[in-house]
Enquirer: 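Handing you this structure, nothing more for now.
Note that ligands are numbered from 1 as they come in the structure, with each ligand's atoms numbered from 1 the same way. Keep in mind the model is a prediction, meaning the values are calculated, not measured.
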Amino acid sequence: MKNSEPTIYDISSPGRKGVNLPIPDVPIEDIPDDLLRKDLNLPELTQLDVIRHFQQLSQLNHSIDSGFYPLGSCTMKYNPRINEDAARMPGFLHSHPLQDINTIQGNLALMYELQELLKEIGGFKGVTLQPAAGAHGELTGIMMMRDYHLSRGDTARNKILIPDSAHGTNPASTTMSGLEVIEIPSDSRGNVDLDILKSKCGDDVVGLMITNPNTLGLFEEQIKEVVKIIHDCGGLIYGDGANMNALTGILRPGDIGFDVMHYNLHKTFSTPHGGGGPGSGPVGVSEKLVDFLPAPIITIIEEGDEDNPPLFGFTTPKHTIGRIKAFNGQFGVLVRAYTYIRIHGSSGLRSNSEHAVLNANYLRSKIEKTYNLPYKRACLHEFVVEGCWQEAPNIHALDISKRLMDFGFHPPTNYFPLIVREALMIEPTETESKETLDKFADVLLQIADEAKTDPQVLIEAPHNTPNARLDEVQAARQLVLCCRPAYLPEPEPMQT
Ligand SMILES: *Cc1c(COP(=O)(O)O)cnc(C)c1O
């Protein structure tokens with residue numbers, strides 16, 4: 001699909017320049033001809049042309065700073081600007097991961113304290129800050145679970161149980177680590193079906209991956225039984241912590257028997273995300289798994305005293321799965337999450353979760369008479385409705401989402417979880433005002449009305465964006481990551 005916005009090549013004009021290089025004060029050597037590239041085809045523009053072009057492109061993006069962004073499961077909350085001030089402090093910004101540890105004690109102290117805070121928040125014995133995102137944390141966790149069993153001579157375990165409401169990264173990371181996925185259906189209340197769970201759990205199971213609250217926004221009502229069933233058959237519990245915005249300060253997964261869990265610092269702890277990163281997915285583990293953590297872990301290697309601060313450094317856990325990320329993780333994201341946690345403190349984090357849950361239930365109660373709620377229960381921080389009606393047979397969840405864009409709202413998550421037809425997954429987060437929630441609910445009710453009286457207005461939406469309906473499958477299969485002059489051939493499709 002061609003973008004209707006002009007590219008920087010379209011506005012290029014021969015002879016225009018954006019820079020004035022000084023006359024060189026060193027002799028210009030002859031450059032061998034074969035080292036000179038003649039096919040660069042760089043666009044020719046003034047500085048102002050370039051600034052305006054990219055400024056205008058940036059304004060086509062929707063962001064949490066420009067409007068409501070209720071993208072379920074992804075926790076798009078406001079990024080307090082003090083996070084940015086902290087991440088831009090020169091000592092953090094200009095440090096290099098290969099510096100001698102004596103010159104980066106402040107950075108290591110922050111990482112150490114963040115490990116401690118995350119241990120406290122999740123109820124875990126150890127934490128690694130290395131994984132670059134939630135999915136990477138999942139892979140890290142599964143590798144530790146697998147090695148734990150192998151180290152005990154328990155070599156026949158090769159299956160991971162995953163509820164059918166799970167995020168797609170759960171089966172993907174399981175498959176990537178060479179294990180087999182066994183899907184566990186949900187029961188009529190949206191919980192894991194206990195009888196089926198029991199029948200699938202045996203001495204070939206590495207463990208269960210579970211999201212709580214699950215991706216329907218529902219608290220697993222029998223979570224203690226679930227944990228017991230898995231532990232009784234020798235398996236471990238992996239918690240997908242992407243939904244920690246419902247629980248932070250209220251429930252610690254480690255306390256109810258979770259053995260390992262990733263945090264999405266870019267969701268729960270406010271680092272801005274979307275568009276591909278950077279994220280950060282630290283992993284917390286129980287006693288059983290501390291020796292398997294990736295290396296290195298930030299540790300106090302020399303205790304301090306009244307006159308001297310402690311010396312921070314790196315240590316290697318006894319049965320480590322090895323290094324899973326270059327250098328020390330996404331340091332800038334760690335600084336933002338640390339700042340966020342320290343600014344809010346434990347009572348602030350708890351109150352954020354309480355308000356996230358309150359906002360979701362408020363919004364749910366405003367629309368549930370119009371949009372069918374498949375599991376009729378109070379939700380936690382998000383909820384899922386069906387984006388379809390018998391009276392509007394041609395309208396799909398996607399049409400509702402596209403129509404929402406006409407009103408300046410980012411669409412909710414579509415078609416996930418897979419067990420709800422025409423799913424719309426809505427997560428308002430705690431940072432939105434009652435006025436915003438009311439306006440969003442009003443628009444959703446108006447759209448439901450239009451679906452039945454004037455469906456064409458939904459089917460043709462969005463009406464004011466440069467592109468309306470993209471071929472998302474082709475966009476993912478045939479990535480075009482840079483703009484190219486029109487006269488160059490289209491790039492070869494990526495082999496996937
Ligand atoms: C976002 C999310 C993930 C994956 O996290 P990334 O940081 O995007 O890799 C996993 N599970 C759930 C439920 C999520 O919402």
Enquirer: List ligand 1 atoms under 4.0 Å from Ala135, heavy atoms only on the residue side.
Expert: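 That gives atoms 4 (C), 5 (O), 6 (P), 9 (O) of ligand 1.
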Enquirer: Judged by atom type as modelled, is there a donor-acceptor pair below 3.5 Å linking the side chain of Asp193 to the main-chain atoms of Asp187?
Expert: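 No, the answer is negative, given that no donor and acceptor are paired below the 3.5 Å cut-off.
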Enquirer: Is the closest N or O pair between Asn264 and ligand 1 shorter than 3.5 Å?
Expert: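 Yes, since at least one N or O of Asn264 sits under 3.5 Å from an N or O of ligand 1.
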Enquirer: Can you list the atoms of ligand 1 that are under 4.0 Å from a heavy atom of Glu138?
Expert: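 Checking each atom against Glu138, I get 10 (C).
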Enquirer: Are the aromatic rings of Phe68 and His410 close, with centres under 6.0 Å apart?
Expert: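 No; His410 has its ring centre 6.0 Å or more from that of Phe68.
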Enquirer: Can a donor-acceptor pair be found between the side chains of Gln130 and Asn328 at a distance below 3.5 Å?
Expert: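 Result is no, nothing qualifies.
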Enquirer: Is there a donor in the side chain of Asn214 and an acceptor in the side chain of Ser165, or the other way round, less than 3.5 Å apart?
Expert: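 No, Ser165 and Asn214 have no side-chain donor paired with an acceptor closer than 3.5 Å.
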Enquirer: Would you mind running through ligand 1 and noting each atom that sits below 4.0 Å from a heavy atom of Lys267?
Expert: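 The list of qualifying atoms is 1 (C), 2 (C), 3 (C), 5 (O), 14 (C), 15 (O).
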Enquirer: Do Arg152 and Tyr148 get their side chains close enough for a donor-acceptor pair, meaning under 3.5 Å?
Expert: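 Checked: Arg152/Tyr148 side chains pair up, N/O donor to acceptor below 3.5 Å.
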Enquirer: Do His167 and Asp240 pair up side chain to side chain, a donor and an acceptor below 3.5 Å, judged on atom types alone?
Expert: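 There is no such pair (donor and acceptor under 3.5 Å, judged by atom type) between the side chains of His167 and Asp240.
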Enquirer: Consider every N or O of Cys74 and every N or O of ligand 1, then say whether any pair is closer than 3.5 Å.
Expert: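 No, there is no polar N/O contact under 3.5 Å.
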Enquirer: Is there side-chain contact between Asn243 and Asn212, with heavy atoms separated by less than 4.5 Å?
Expert: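 No, every pair of side-chain atoms sits at 4.5 Å or beyond.
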Enquirer: Quick check: Thr211 and ligand 1, any N/O pair under 3.5 Å apart?
Expert: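 No; every N/O pair is 3.5 Å or more apart.
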Enquirer: Closer than 4.0 Å to some heavy atom of Ser73 - which atoms of ligand 1 meet that?
Expert: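 It comes down to these atoms of ligand 1: 12 (C), 13 (C), 14 (C), 15 (O).
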Enquirer: In terms of atom number and element, which parts of ligand 1 are under 4.0 angstrom from non-hydrogen atoms of Ala133?
Expert: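 In order of numbering, the contacting atoms are 7 (O), 9 (O).
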Enquirer: Hey, is ligand 1 close enough to Asp240 that some N/O pair sits below 3.5 Å?
Expert: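 The answer is yes, given that Asp240 and ligand 1 share an N or O pair closer than 3.5 Å.
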Enquirer: Thinking salt bridges, do Asp154 and Arg146 make one under a 4.0 Å N-O criterion?
Expert: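 Salt bridge between Asp154 and Arg146, a charged N being under 4.0 Å from a carboxylate O: no.
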Enquirer: Below 4.0 angstrom from a heavy atom of Ala242, which ligand 1 atoms are there? Numbered from 1 as shown, please.
Expert: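 Reading through ligand 1 atom by atom, the close ones are 2 (C), 11 (N), 12 (C), 13 (C), 14 (C), 15 (O).
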Enquirer: Got the closest protein heavy atom to atom 6 (P) of ligand 1, with its distance?
Expert: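 Looking only at protein heavy atoms, the one closest to atom 6 (P) of ligand 1 is Gly134 N, 3.4 Å.
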Enquirer: Does at least one non-hydrogen atom of His136 fall below 4.0 angstrom from an atom of ligand 1?
Expert: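 Per 4.0 Å heavy-atom rule, His136 does not contact ligand 1.
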Enquirer: List every atom of ligand 1 that sits less than 4.0 Å from any heavy atom of Thr169, numbering the atoms from 1 in the order shown and giving each element.
Expert: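 In order of number, 3 (C), 4 (C), 10 (C), 11 (N).
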Enquirer: Side chain or backbone, does Asn243 bring an N or O within less than 3.5 Å of an N or O on ligand 1?
Expert: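 Asn243 vs ligand 1: no N/O contact under 3.5 Å.
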Enquirer: Only one of Lys267, Lys77, His381 passes side-chain hydrogen bond (donor to acceptor under 3.5 Å, both in side chains) with Asn245; say which it is.
Expert: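 Only one of Lys267, Lys77, His381 forms a side-chain hydrogen bond (donor to acceptor under 3.5 Å, both in side chains) with Asn245, namely Lys77.
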